[in-house]
Amino acid sequence: MSKTSPKKDRLSKRLPVRYGPDTPRFIGFMKNLSAKGAAIIGKVVFSSASRLQIEVDYRGKPLALTGRVCWSSDADEAKRQLVSGSMVMHSMGVEFIERPADYLDFLEMLVESQKESRCEKRCDIILRVTFDSAAELLEEYTNNISMGGTFITCLTPPVLNSSIEVHLFIAEELEVIHVESRVVHVVTPEMSERIGLNPGVGVQFTRFFNDDEAKLKAYIDSLTQGEERRER
């Protein structure tokens with residue numbers, strides 16, 4: 001991760017954070033969040049390659065992350081200013097090396113919170129699918145999504161023929177695709193034990209919201225073109 005201005009695939013919103021090399025005891029802010037890392041701003045920064053323990057609040061509970069410093073402002077100068085009582089804030093870029101599964105849910109929540117148009121609830125049931133990598137999304141799109149549906153693993157599947165909303169979270173792009181869908185196949189937990197498959201539902205996409213279908217296709221096209229260039 002290089003020290004650059006916020007990009008499309010980063011969230012610029014500032015969030016309170018605790019961090020430190022052994023325990024998260026220093027207080028600061030985290031911004032430019034992505035699936036792979038973030039920038040931390042505080043009175044104390046650490047040199048490149050330092051390992052950090054990080055905590056950010058998620059639904060009233062601490063979300064614990066482990067990161068490695070990729071770049072930082074002058075750590076020695078930051079320490080001198082800390083001793084002198086200066087209020088100057090410094091920054092460092094951190095790459096996540098360990099993160100819980102809840103981090104991507106947290107990231108999706110932040111993305112959704114910045115979209116005022118998503119305040120309206122269209123369906124009573126919402127199921128979420130997260131794609132951590134471009135390769136994962138491309139495989140699912142090729143095998144299922146391009147055909148108009150997908151299978152979603154869940155422990156309490158909605159009933160057959162019910163209308164639900166599906167959120168496809170593309171973590172690398174910080175983009176959520178919203179699709180109204182119909183449940184066309186159900187695998188209950190009891191059935192899953194008998195047939196050896198995950199419980200969940202097969203859904204048929206019936207309507208994309210706003211311009212989400214165009215966004216998804218544009219991203220898939222960019223991935224496909226990238227694959228073709230690499231094969232040449």
Side-chain angles (χ1 to χ4, degrees), residues 7-11 33-36 59 101-230:
K7 302 190 317 184
K8 176 185 174 184
D9 58 353
R10 305 277 176 86
L11 280 173
L33 278 75
S34 73
K36 298 179 179 179
R59 294 178 176 173
D102 284 355
Y103 176 73
L104 292 180
D105 295 335
F106 169 70
L107 208 55
E108 181 187 354
M109 179 195 72
L110 294 177
V111 171
E112 289 284 55
S113 70
Q114 293 189 0
K115 295 185 177 181
E116 295 181 1
S117 61
R118 293 300 305 145
C119 293
E120 177 189 354
K121 188 177 181 181
R122 294 177 169 91
C123 297
D124 291 333
I125 299 175
I126 298 176
L127 296 183
R128 294 175 169 83
V129 182
T130 296
F131 298 101
D132 195 359
S133 67
E136 186 181 354
L137 172 62
L138 190 57
E139 180 180 3
E140 181 63 19
Y141 184 87
T142 302
N143 294 332
N144 295 302
I145 294 176
S146 62
M147 305 300 177
T150 191
F151 184 84
I152 304 173
T153 300
C154 53
L155 294 178
T156 54
V159 299
L160 189 67
N161 290 321
S162 59
S163 292
I164 66 172
E165 185 172 336
V166 175
H167 290 185
L168 306 174
F169 179 45
I170 307 172
E172 286 189 348
E173 288 290 294
L174 295 183
E175 188 68 65
V176 182
I177 305 298
H178 309 86
V179 196
E180 191 172 294
S181 309
R182 183 171 66 90
V183 176
V184 294
H185 179 63
V186 177
V187 178
T188 65
E190 294 76 21
M191 292 172 58
S192 71
E193 292 182 1
R194 293 198 306 269
I195 62 180
L197 296 175
N198 291 326
V201 290
V203 301
Q204 179 182 19
F205 299 151
T206 56
R207 180 170 67 94
F208 284 82
F209 299 134
N210 304 322
D211 59 347
D212 283 0
E213 184 174 17
K215 288 180 182 177
L216 177 61
K217 286 183 176 179
Y219 184 56
I220 292 298
D221 286 345
S222 70
L223 295 178
T224 303
Q225 291 168 7
E227 288 289 325
E228 291 174 351
R229 284 194 295 268
R230 282 190 289 273

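In this text the structure is predicted, and so the values were computed from the model without any measurement.
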Is there side-chain contact between Glu175 and Val111, with heavy atoms separated by less than 4.5 Å? no
Just by distance, do the side chain of Thr206 and the backbone of Glu180 share a donor-acceptor pair under 3.5 Å? yes
Between Ile220 and Leu137, is any pair of side-chain heavy atoms under 4.5 Å apart? yes
Side-chain atoms of residues 146-156: list all donor-acceptor pairs with protein atoms under 3.5 Å, sequence neighbours left out, distances to 0.1 Å.
{"unit_1": "Ser146", "atom_1": "OG", "unit_2": "Tyr141", "atom_2": "O", "d": "2.9"}
{"unit_1": "Ser146", "atom_1": "OG", "unit_2": "Thr142", "atom_2": "O", "d": "3.4"}
{"unit_1": "Thr150", "atom_1": "OG1", "unit_2": "Glu140", "atom_2": "OE2", "d": "2.3"}

If you take all heavy atoms of Leu174 and Leu33, which pair is closest and at what distance? CD1-O, 3.5 Å
Would you indicate whether the side-chain heavy atoms of Leu216 and Val179 approach each other to under 4.5 Å? no
Between side-chain atoms of residues 125-134 and protein atoms elsewhere (two or more places apart, or another chain), which donor-acceptor pairs fall under 3.5 Å?
{"unit_1": "Arg128", "atom_1": "NE", "unit_2": "Glu108", "atom_2": "OE2", "d": "3.3"}
{"unit_1": "Asp132", "atom_1": "OD1", "unit_2": "Arg99", "atom_2": "NH2", "d": "2.6"}
{"unit_1": "Asp132", "atom_1": "OD2", "unit_2": "Arg99", "atom_2": "NH2", "d": "2.4"}
{"unit_1": "Ser133", "atom_1": "OG", "unit_2": "Glu136", "atom_2": "N", "d": "3.2"}

Are side-chain heavy atoms of Ile177 and Phe169 found at a separation under 4.5 Å? no
Give the ring-plane orientation class for Tyr103 versus Phe106, where under 30° counts as parallel, over 60° as perpendicular and anything between as tilted. tilted
Does Val184 reach the side chain of Val203, with side-chain heavy atoms less than 4.5 Å apart? no
Could you check whether the rings of Phe209 and His178 sit parallel, tilted or perpendicular, using 30° and 60° as the cut-offs? tilted
Determine whether Leu160 and Val201 make a side-chain contact, defined as any pair of heavy atoms from C-beta on separated by less than 4.5 Å. no
Mind checking salt bridge (charged side-chain N to carboxylate O under 4.0 Å, His left out) for Glu213 and listing every partner two or more places apart, or none if nothing turns up? Lys217
Show the atom names and distances, to 0.1 Å, of all donor-acceptor pairs under 3.5 Å that link a side chain in residues 190-200 to residues at least two apart or in another chain.
{"unit_1": "Glu190", "atom_1": "OE1", "unit_2": "Thr188", "atom_2": "OG1", "d": "3.4"}
{"unit_1": "Ser192", "atom_1": "OG", "unit_2": "Pro189", "atom_2": "O", "d": "2.6"}

Using modelled atom types and a 3.5 Å cut-off, is there a donor and acceptor pairing between side-chain atoms of Asp212 and backbone atoms of Phe208? no
Set of residues satisfying side chain to side chain donor-acceptor pair (under 3.5 Å) with respect to Asn161, sequence neighbours excluded: Arg182
Across all chains, not counting sequence neighbours, the salt bridge (charged side-chain N to carboxylate O under 4.0 Å, His left out) partners of Asp211 are Lys215
Please tell me if the side chains of Asp102 and Leu104 come closer than 4.5 Å, counting only heavy atoms from C-beta onward. no
